[in-house]
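See structure below.
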Amino acid sequence: MDLASLNVTQKKKNSKSDVVPQITKRQLNTLLELLATIVFVSITLLAINLDSPFIKELLICESIILMILFIKTSNSNKIKK
């Protein structure tokens, strides 16, 4: 065999063993919602432990941000044709 055909067969063997992770938009949105919720809960717990005077404002801001995130990614927000 010549060199070109050996390279092609070697590339085919390498591509068969490669694993390509695929993630859908819905899975990505769910992951982002989960991460945002975890981050907000941890920030809130930190503020409570430090006796921050801005806990009320922090909770209001976090709830508004989470509501916007969940409304934006919900199925009822989509227009069906």
Identify, with sequence neighbours excluded, every residue that meets side-chain contact (heavy atoms from CB on, under 4.5 Å) alongside [X].
X   : value
I64 : I60, I68
I43 : V39, L58, E62
S52 : A47, F54, I55
I65 : F40

**Request:** Report the hydrophobic cluster partners of V41, with the cluster defined as I, L, V, M, F, W, Y residues connected by side-chain heavy atoms closer than 4.5 angstrom, directly or transitively.
**Result:**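 L45, listed by chain and number.
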**Message:** Connecting only ILVMFWY residues whose side-chain heavy atoms lie within less than 4.5 Å of each other, what is the rest of L46's hydrophobic cluster?
**Reply:**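 So far as hydrophobic clustering goes, L46 is joined with L50.
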**Request:** Could you list the residues that satisfy side chain to side chain donor-acceptor pair (under 3.5 Å) with E57, not counting sequence neighbours?
**Result:**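 Expected list: none.
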**Request:** Taking all non-hydrogen atoms of both residues into account, name the closest pair between Q27 and Q22 and its distance.
**Result:**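 The pair with the smallest heavy-atom distance is OE1-O, 4.1 Å.
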**Prompt:** Say you draw a straight line from CG of L34 to CG of N29; how long is it, rounded to the nearest 0.5 Å?
**Reply:**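 The distance works out to 12.5 Å.
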